[in-house]
Number of protein chains: 2
Amino acid sequence: MNLSNGEEQLMNIIWEKGKAFMKDLLESLPEPKPAVTTVATLLKRLSDKGAIGYTVFGNSREYYPLIQKKTYFSTKVNELVKNFFNNSPSQFASFFTQETDMSQKELESLKKIIEDQLKNKTP
Amino acid sequence: MNLSNGEEQLMNIIWEKGKAFMKDLLESLPEPKPAVTTVATLLKRLSDKGAIGYTVFGNSREYYPLIQKKTYFSTKVNELVKNFFNNSPSQFASFFTQETDMSQKELESLKKIIEDQLKNKTP
DNA sequence: TTTTTTATTCTATATTTGTAGAATAACCTC
DNA sequence: GAGGTTATTCTACAAATATAGAATAAAAAA
């Protein structure tokens, strides 16, 4: 499942809200807001791709995701790791902690997560 | 700087090799190899975008990166973090360690990296 | 019930991307 | 130096993407 930029932006809103009508989407989109028809086109394409479904309510539809954010994102990350880090997650992780500006708190919470994971690996 | 898939693939080779002639690129590309003219087109586009430069040697050129892999990649990761994790690196990191299959060794090395970073943050 | 608002579909255009043939120019080899 | 080899430019075309107007249908408001 490959989504274009615009499609991704819409998906993000739909993932966040769980479900949304056209008007909700337009509301959530940042300025400068695109034309309604632009959004409609993207929704059509997302629907064609099988990324969203919808329930009809009179003249409009309530859209909802058919693919999980987690699934979609996981694929993207794995591609990145593969393409740029020779398939080595740790290489990537190291790069990541160095390049992003994580606060002490964030680093500590991450450390905890890793420790938990380690516990699971060494029972 | 936004690169298309094909452009990224070429950049990866150029980044790896540091510099490369057309024939090196063709050699490194996996089967099924694209036509020479296809590669030439991509090189032209990369050059137009300012991603690569070249030194002329007779009838051919030695291409080299003008943007660093690290810089380019850092931007990409930051976009991901922004778009999907509400700008929270730790949220992303947590997702990352859960979704990718890191070995015990990798987890430990990552833990060490984080501990080092923490040391720097709390002198 | 007439008017206004809103969502959808249909149509359309410009740009970007993947892909490569034809022509050309400059090397390399015999 | 004639002929093959290789890189570059020019041209081209199909698919994907960003963007939105016109027309239509249905709902909401007045």
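First the proteins, then the strands, lettered A, B, ... as listed; each starts at 1.
Atom NZ of A:K23 and atom P of C:dT8 are 12 Å apart (whole Å). Rounded to whole Å, atom P of D:dT8 lies 12 Å from atom NZ of B:K44. At whole-Å resolution of the value, CG in A:L43 and C1' in C:dC10 are 16 Å apart. Here C:dT15 presents its P atom at 15 Å from NZ of B:K49, a figure rounded to the nearest Å. B:L25 has its CG atom 14 Å from the C1' atom of D:dT8, to the nearest Å. Following rounding to the nearest Å, A:E62 (CD) and C:dT6 (C1') show an atom-to-atom distance of 16 Å. One atom, CG of B:N59, and another, C1' of D:dA7, lie 5 Å apart when rounded to the nearest Å. As a whole-Å value, the separation of A:L10 CG from D:dT19 P is 11 Å.
Along DNA chain D, the nucleotide closest to A:L42 and the one closest to B:M22 are compared, and the more 5′ of them pairs with B:M22. For A:Y54 and A:R45, each mapped to the nucleotide of DNA chain C holding its nearest heavy atom, the one lying further toward the 5' end belongs to A:Y54. With DNA chain D read from its 5' end, the first of the two nearest nucleotides for A:F57 and B:L26 is the one closest to B:L26.
B:K19 NZ: 12 or fewer foreign heavy atoms inside a 6.0 Å radius. Around CD of B:E16, the count of heavy atoms belonging to other residues, nucleotides or ligands within 6.0 Å does not exceed 12.
Using a 4.0 Å heavy-atom cutoff across all strands shown, B:S60 reaches sugar-phosphate atoms only and no base atom. Counting non-hydrogen atoms under 4.0 angstrom, A:R61 reaches the backbone sugars and phosphates but no base. Residue B:S4 is classed as a sugar-phosphate contact, given heavy-atom separations below 4.0 Å to backbone atoms only. Using a 4.0 Å heavy-atom distance criterion, A:A35 is classed as a sugar-phosphate-only contact.
Annotation: cation-pi pair B:K44/B:Y54 absent, no NZ/CZ under 6.0 Å from the ring centroid and within 45° of its normal.
Between the CG atom in B:L43 and the OG1 atom in B:T38 there is a gap of 11.0 Å [rounded to 0.5 Å].
The A:T38 side chain lies nearest to D:dA20 when the options are D:dT8, C:dG18, D:dA20. Nearest nucleotide to the A:A40 side chain, out of D:dT8, C:dT9, C:dA20: C:dT9. Here C:dT8 is the nucleotide among C:dG18, C:dG21, C:dT8 with the atom lying nearest to any side-chain atom of A:Y63.
In the interface, the side chain of A:T37 is not paired with the base of D:dA22 through any donor and acceptor atom under 3.5 Å apart.
Note on A:K17 versus A:E27: no salt bridge recorded, every NZ/NE/NH1/NH2 to OD/OE distance being 4.0 Å or above.
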